[in-house]
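The first residue of the sequence shown is numbered 1, and numbering continues consecutively from there. Note that this is a predicted model, so its numbers are computed, not measured.
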Amino acid sequence: MSSAISTSGSSHKLVYIDNIKIILTVLVILHHTVITYGGSGGWYWVQKTSCFAALVPMTMFVSINQSFFMGFFFLLAAYFTESSYLKKGTARFITDRLVRLGIPLLFYSFVLSPILSYLVYYFAKGHHITFLQYLSGYESWIDFGVMWFVAALLVFTMIYVFVQKFFKTDFKKSIPAPGAFQIMAFAVVTGVISFIVRIVFPVGWVLEPVGFQLGHFTQYISLFIIGILAARNNWLDQLTAQTGRRLKIAIIVCLLFFPVFFLIRAKLDMPVSWYSGGFHWQSLLYAVWEQCIGLSIIIVFLTKGRKSWNHTSGLRTKLSRSNFVVYIFHPLVIVGLTLMIRNWQIDPAFKFIIIAPIIVIASYVLGALLLQIPGIKKIL
């Protein structure tokens, strides 16, 4: 099972991490469903609403999600990386990572991605040919899709092993958990570095064929490193309720600031792309805002989770066990179900409201069923 999405063998005091990962996985599903029907971003097939009243909350949802959810996954994956490495040793750890991350990555690229592309080609574009005929002209065999995260995690993990093997980065002196001020300072610095990176690699620019949006990688890399430090210094247990309360205020302030982005764009009549990158003060403003709200949400999740979500049930255990499978296969559910209702003559925003909960439930049902296949549990 990938420690990126699911936590195996975690102690009782870390049950809340499994519950947080369920929430994050559901957010991934909803994120891509929102993009299908109106949110900004790319997806296999889209049917965008033109209703402004729907586009605004969809844009907010995608923006706020993007500010934290994938970075949160990297942090949590890193948190359990070192303990696994020390337990298994270098050779076994590398083999385990290559199997549990590499095999799903290859499966998605060579099996699932062609199927998804074919479904769109056949039903949405109306080219009624057989799957084998489609494959005869198929060229995008290296297409990681949503599995870019797994590819990046594999790269980060191998770099971690290299550093551990040759540079021995153990720290004997314990570092206390950061408070709200330090976290906000870190967020601002991360935002400034993100702005610099986005001058060259704006959000939306993708490193093909691996699918890395380098404009977001400042956060991903920094939070992976923070995850390692957090595990070494037991920061998850040390984060205080006061820090969580202060960062709740930061989230509220950031949310209240969000309409300012619409106002700036309207007043200056500027391209929305200026928020995504380039040497524009708007890009700097957005990058810092993004990191401030994203880091605040992550810490609030952790402090709230430790206090209130540190219990489980039979259902939640099953959901947690299915997370990684759901992450891999949810594009098939989204594409399949949204294509089924593509000709339904209602506004796409209403389609989202109706189909989104069905997609979430269907994704977890499919994940649970796939785990019943012999041999799947050994990999996933």
Side-chain angles (χ1 to χ4, degrees), residues 16-17 19-21 23-24 26-27 30-31 40 56-76 78-79 175-198 203 215-227 229-230 233-265 275-276 281-310:
Y16 71 95
I17 298 297
N19 291 330
I20 287 174
K21 287 178 180 178
I23 297 171
L24 292 178
V26 171
L27 286 177
L30 294 176
H31 186 87
S40 58
V56 171
M58 284 181 167
T59 300
M60 288 185 64
F61 179 80
V62 170
S63 298
I64 295 170
N65 246 6
Q66 187 62 63
S67 74
F68 80 96
F69 72 152
M70 297 313 298
F72 206 168
F73 271 132
F74 280 112
L75 185 149
L76 294 178
Y79 190 83
I175 305 173
F181 177 79
Q182 291 93 335
I183 292 168
M184 282 293 94
F186 176 80
V188 171
V189 172
T190 306
V192 171
I193 297 173
S194 295
F195 159 69
I196 295 171
V197 171
R198 290 173 185 181
V203 174
H216 291 303
F217 266 63
T218 300
Q219 185 196 73
Y220 301 157
I221 294 168
S222 63
L223 286 183
F224 188 85
I225 295 170
I226 291 297
L229 293 175
N233 295 280
N234 198 30
W235 283 354
L236 297 195
D237 285 343
Q238 294 179 32
L239 287 170
T240 65
Q242 183 183 50
T243 298
R245 287 193 297 270
R246 288 176 174 175
L247 293 180
K248 282 182 183 178
I249 297 173
I251 293 172
I252 294 170
V253 172
C254 288
L255 287 174
L256 292 175
F257 189 84
F258 196 91
V260 175
F261 291 114
F262 289 97
L263 183 62
I264 291 173
R265 185 188 175 195
Y275 285 130
S276 301
W281 65 265
Q282 294 91 338
S283 176
L284 173 61
L285 178 67
Y286 186 81
V288 172
W289 173 90
E290 181 181 51
Q291 299 308 317
C292 286
I293 192 171
L295 267 291
S296 298
I297 291 172
I298 287 172
I299 300 304
V300 169
F301 261 85
L302 290 172
T303 55
K304 174 68 175 177
R306 189 184 63 203
K307 178 182 177 181
S308 305
W309 304 339
N310 205 32

Separation between CD1 of I299 and OG of S296, rounded to the nearest 0.5 Å: 8.0 Å
Shortest non-hydrogen contact from S283 toward S276: OG-C, 4.2 Å
Heavy-atom side-chain contact between N65 and L30 under 4.5 Å: no
S63 side chain vs M60 backbone, donor-acceptor pair below 3.5 Å: no
Minimal non-hydrogen separation, G179 against T243, with atom names: CA-OG1, 3.9 Å
Closest non-hydrogen atom pair between T303 and T240, with its separation: CG2-O, 3.7 Å
Straight-line distance of L76 CG to I17 CD1, nearest 0.5 Å: 5.0 Å
Nearest heavy-atom neighbours spanning R198 and G215: NE-O, 2.8 Å
Intermediate values then yes/no, side chain to side chain contact (heavy atoms under 4.5 Å, CB included), L27 and F61: CA-CA 10 Å; L27 286 177; F61 179 80; 4.1 Å; yes
Side chain to side chain contact (heavy atoms under 4.5 Å, CB included) between F195 and T218, worked out: CA-CA 9 Å; F195 159 69; T218 300; over 6 Å; no
Side chains of L247 and I298 in contact at under 4.5 Å (non-hydrogen atoms): no
Stepwise side chain to side chain contact (heavy atoms under 4.5 Å, CB included) check, I221 with I225: CA-CA 6 Å; I221 294 168; I225 295 170; 4.1 Å; yes
W289 and Y275: CA distance, side-chain angles, deciding distance, ring pair (Phe, Tyr, Trp, His ring centres under 6.0 Å) verdict: CA-CA 11 Å; W289 173 90; Y275 285 130; 9.6 Å; no
Sub-4.5 Å side-chain heavy-atom contact between P176 and N233: no
Atom pair OH/CG of Y79 and L236 - distance to nearest 0.5 Å: 4.0 Å
Of W281, F262, F261, the residue whose pairing with Y286 passes ring-ring contact (aromatic ring centres under 6.0 Å, His included): F261
Spacing of OG belonging to S194 relative to CD belonging to Q291, to within rounding of 0.5 Å: 4.5 Å
Pairwise side-chain contact, L295 with F186, heavy-atom cut-off 4.5 Å (strictly under): yes
CA sep, side-chain torsions, deciding dist, call: I297, I64, side chain to side chain contact (heavy atoms under 4.5 Å, CB included): CA-CA 9 Å; I297 291 172; I64 295 170; 3.7 Å; yes
Parallel, tilted or perpendicular: ring planes of Y220 versus H216, cut at 30 and 60 degrees: tilted
Distance-minimising heavy-atom pair for G244 and V300: O-CG2, 3.6 Å
Backbone of F68 reached by a side-chain donor or acceptor of Q219 within 3.5 Å: no
Side-chain heavy atoms of V288 within contact of C292, under 4.5 Å: yes
Expected output: side-chain R306 to main-chain D237 donor-acceptor under 3.5 Å: yes
Donor-acceptor contact below 3.5 Å, side chain S308 vs main chain G305: no
Spacing of OG belonging to S222 relative to CG belonging to L229, to within rounding of 0.5 Å: 11.0 Å
Sequence neighbours excluded, every pair satisfying salt bridge (charged side-chain N to carboxylate O under 4.0 Å, His left out) that has a member inside residues 239-250: none
T59 OG1 to F258 CZ distance, which is reported to the nearest 0.5 Å: 6.5 Å
Residues which pass side chain to side chain contact (heavy atoms under 4.5 Å, CB included) with Q238, listed by chain and number, not counting sequence neighbours: A177, N234, W235
Parallel, tilted or perpendicular, as decided by the 30° and 60° cut-offs, for the rings of W309 and F301: perpendicular
